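Each chain gets a letter, A, B and so on, in the order its sequence line appears, and its residues count up from 1. Since we're looking at a predicted model, the values are computed, not measured.
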Amino acid sequence: MIPLEHSFFNRPATEVARELLGAQLTRVLDGHHLSGIITEAEAYLGEEDLGCHAHAGKTRRNAVMYGPPGFAYIYFTYGMHWMLNAVTGAEGSPAAVLIRAIQPLAGVEWLAANRPRLAGKPGWLDGPAKLTQALAIDGDLNGFDLCDPGCDLFLAAGDAIAPERIQATPRIGLYSVPEPWKSIPWRFLVTADDPLLYNENSK
DNA sequence: CGGCCGATTATCT
DNA sequence: GATAATCGGCCGG
């Protein structure tokens, strides 16, 4: 297990999003390790990006994005869902990568216990709110250091995904975001025919 | 299958 | 007072 370094995140969000595919996300819960391999991620690139939460400047919610890279930006939306992001780029420049899907790697029985209805079905961890539910991630973890394996939430290196196994599409759910931001292909996911890191959303 | 729609509340204006 | 980086159930074909 090799934790990712803060320098890994101190790059453009698009680059980090691509390279986070294949990386290992681990949540320590009640002494158990719940882990998954990231198969989908989206990049949000600062105040210029009208799809990014930082587009209107710094607020209490997005403050972590303005901090140093490698930390967790976790926010609440649609009245019921928590979203997990990794802050990217230098301190003071707000950008992040939204983790959108994982394949189960360890502690599957605990992941399943958090998703009693969907556990085991195809795509049961393929969705940004699905994985936060399975990993029991909420606002209490906002601002945590994702590079510290002593944290209850951290990221570690995995097998690199070859470029030809990665597809890019527009980001999801940006209904009221103007063009071109709505259509820029800053969503990255492992292709559907990948035997190991299959992502239900890539069909 | 695919498309539509209601749920539910922290945060922002 | 309005909005939301979603999900899952329900409906029709």
(message) Categorize A:G51 for me: base, sugar-phosphate, or nothing, with a 4.0 angstrom heavy-atom threshold over every strand shown.
(response) base
Taking the side chain from [X] and the backbone from [Y], do they hold a donor-acceptor pair closer than 3.5 Å?
X	Y	value
A:R171	A:W181	yes
A:R27	A:A136	yes
A:N199	A:N201	yes

Where do [X] and [Y] come nearest, in terms of heavy atoms and distance?
X	Y	value
A:L45	A:A95	CA-CB, 4.2 Å
A:Y66	A:N62	CE1-OD1, 3.5 Å
A:L111	A:P104	CD1-CB, 4.1 Å

(message) Is there a side-chain contact between A:R100 and the phosphate of C:dT6, meaning an N or O under 4.0 Å from OP1 or OP2?
(response) yes
(request) Just need the stems in DNA chain B: three or more back-to-back Watson-Crick or G-U pairs, each with both distances under 3.5 angstrom, sorted by first number. (result) B:1-7 with C:6-12, B:9-12 with C:1-4
(message) Nearest whole Å is fine: how far is C:dA5 P from A:I74 CD1?
(response) 16 Å
(request) Take the protein atom CZ of A:R117 and the nucleotide atom P of C:dG8, then report the distance between them rounded to whole Å. (result) 10 Å
(message) Taking 5.5 Å and 30° as the limits, would you call A:Y44 and the base of C:dA5 a stacked pair?
(response) yes
(request) Please figure out whether A:K130 or A:H53 has its closest DNA chain C nucleotide nearer the 5' end. (result) A:H53
(request) Kindly point out which of C:dC7, C:dT6, C:dA5 is positioned nearest to the side chain of A:R115? (result) C:dC7
(request) Any chance you could list the contact pattern along nucleotides 7-13 of chain B? Use B for base contacts, S for sugar-phosphate-only contacts and - for none, protein heavy atoms under 4.0 Å, 5' to 3'. (result) BBBSSSS
(request) Give the C-alpha distance, both sets of side-chain angles, the deciding distance and a yes or no for side-chain contact (heavy atoms from CB on, under 4.5 Å) between A:L155 and A:F9. (result) CA-CA 11 Å; A:L155 285 163; A:F9 296 94; 3.6 Å; yes
